[in-house]
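It should be emphasised that the depicted structure is a prediction, and the values quoted were computed from it without experimental measurement. Values below: every heavy atom of this structure, side chains too, minus hydrogens, waters and symmetry copies. For this chain, numbers begin at 1 and follow the sequence in order.
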Amino acid sequence: MIETFTIIFGFVAFISTLKEIKNKHLIFWLFTLLLIFFDGLRWEMGVDWLTYHKIFMTADVYKFQGFEPGYLFYQSIIRKFTDNYSVFLLITTAFIYLTIYYTVFKITNYSFISLFYLTATIPWYSGSLRNMIAASFFTLAIKAIFDKKMLKFLFFIITGILFHTSLIAFLPIYWIYNFSLILYLLIFIVLSVGSIYSSYLIETLDQIVKFYGYNRSYSRYVGGNILHSNPLLGFTRKLITITGLLSFTFLATKFKNKEIVPWDKIKFIFFISSLSIIFYYIGTYQITNVSSRLDIYAGIIGTSILIGFIDKLYSRRNNKIFLFLFVTFLVCVFYYRLEHMSLFHPYSSIFYNFDYKRNLF
């Protein structure tokens with residue numbers, strides 16, 4: 001299912017490199033609503049299916065203490081109206097995709113190439129409901145930064161943290177917007193060095209989440225995921241992504257007036273995207289799951305927006321085609337590194353098939 005939507009939107013993105021597409025909003029809404037319909041009605045799909053399904057179905061008799069209070073409160077509201085898990089998933093999926101897709105589409109001035117990359121990557125994480133809801137609020141927070149609305153930013157970030165604690169890593173980003181390249185580079189170096197000692201932050205994080213009022217310890221995540229990853233391939237992929245987009249960015253500024261997309265936005269979102277390298281190191285060597293959780297914000301949403309910015313800077317058809325080919329390459333590498341594909345193949349949905357049985361993690 002995900003591959004089918006990726007191919008379809010890849011075709012739309014390619015057409016957008018050849019000519020200006022009319023009725024952009026019509027195409028966007030048809031595609032997005034169809035994606036919501038299929039993914040929102042999934043059944044027994046994804047790594048976290050069993051956990052979320054159990055918590056929802058037993059919410060009236062069992063108070064789960066391991067999830068953030070925002071998610072539990074949201075779930076309790078839905079449960080007041082229905083105990084149908086498919087209805088709950090459909091509502092949640094609609095919020096996630098409508099928020100992320102429309103915000104990215106608007107921020108990038110309606111770039112289909114950015115949505116192509118987004119479609120190829122983010123649906124694979126749809127089972128991580130809390131993380132995905134937090135990613136929705138992160139996307140809104142990015143737009144609030146561009147609009148210079150600090151109160152909106154704080155509202156979206158804090159609300160997102162109440163759904164998934166990982167978003168706390170981006171709490172300070174409002175105040176680094178419009179920094180110079182030198183300052184961004186210095187911050188990146190400091191964070192890179194500090195990441196070596198990131199595991200010591202777990203105790204502080206435990207104290208923060210206790211302050212929120214729910215009982216959960218993150219100490220079991222210390223140690224990284226080195227035994228279940230290939231660091232050489234992982235770092236190579238990150239470096240190719242960042243250096244490739246950096247090259248396209250500087251090339252773009254030579255061909256089209258960068259006032260089309262203000263330079264401060266490009267610098268900022270490039271910095272956010274580059275953080276995926278640091279997150280990958282932390283997740284591999286220091287704290288398990290950091291890469292997979294935080295990369296949704298930086299490596300997927302941030303990179304999607306950056307791709308859209310570069311797309312809008314180009315005016316020549318050849319440059320747009322080269323950008324599309326590079327994004328296609330990134331998509332292929334992403335697919336090559338996916339694991340546990342049996343969780344998604346064959347795709348199961350109550351819309352057309354719910355008989356498939358699989359071993360769920």
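Under 3.5 Å, the side chains of Y101 and T119 contain a donor-acceptor pair of N or O atoms. A donor and an acceptor atom, one from each side chain of T303 and S273, are located under 3.5 Å apart.
Side-chain atoms of N84 come within 3.5 Å of backbone N or O of S86 as a donor-acceptor pair. A distance-only check finds no donor-acceptor pair linking the side chain of T51 to the backbone of D48 [under 3.5 Å]. Checking side-chain atoms of K312 against main-chain N and O of T108 turns up no donor-acceptor pair under 3.5 Å. Panel note: side chain S349, backbone L41; a donor-acceptor pair is recorded below 3.5 Å. T159 places no side-chain N or O within 3.5 Å of a backbone atom of F156 that could act as its donor or acceptor partner. Without hydrogens or angle criteria, T82 side chain to I78 main chain gives no donor-acceptor distance under 3.5 Å.
Ring geometry, F326 versus F248: the interplanar angle falls from 30° to 60°, so the pair is classed tilted.
In this structure, R237 is not positioned above the aromatic face of F334 in the sense of NZ or CZ being under 6.0 Å from the six-membered ring centre and within 45° of the axis.
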Which donor-acceptor pairs under 3.5 Å do the side chains of residues 175-187 make with protein atoms, sequence neighbours left out?
unit_1, atom_1, unit_2, atom_2, d
Y177, OH, D264, OD2, 3.1
S180, OG, L183, N, 3.3
Y184, OH, I176, O, 2.9
Y184, OH, N178, N, 3.3

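Taking the six-membered ring for Trp and the full ring otherwise, the centers of F188 and F271 sit at least 6.0 Å from each other.
Across F14, F324, F9, a single residue satisfies ring pair (Phe, Tyr, Trp, His ring centres under 6.0 Å) together with F116, and that is F324. Checked options Y52, Y74, Y71; the residue passing with R130 is Y52 (criterion: side-chain hydrogen bond (donor to acceptor under 3.5 Å, both in side chains)).
Heavy-atom minimum distance, I161 versus E68: O-CG, 4.0 Å.
For S136, the side-chain contact (heavy atoms from CB on, under 4.5 Å) partners at least two apart in sequence or on another chain are F95, I96, T99, I100.
Sequence neighbours left out, the pairs with a member in residues 4-20 that pass side chain to side chain donor-acceptor pair (under 3.5 Å) are T6-Y335, E20-K24.
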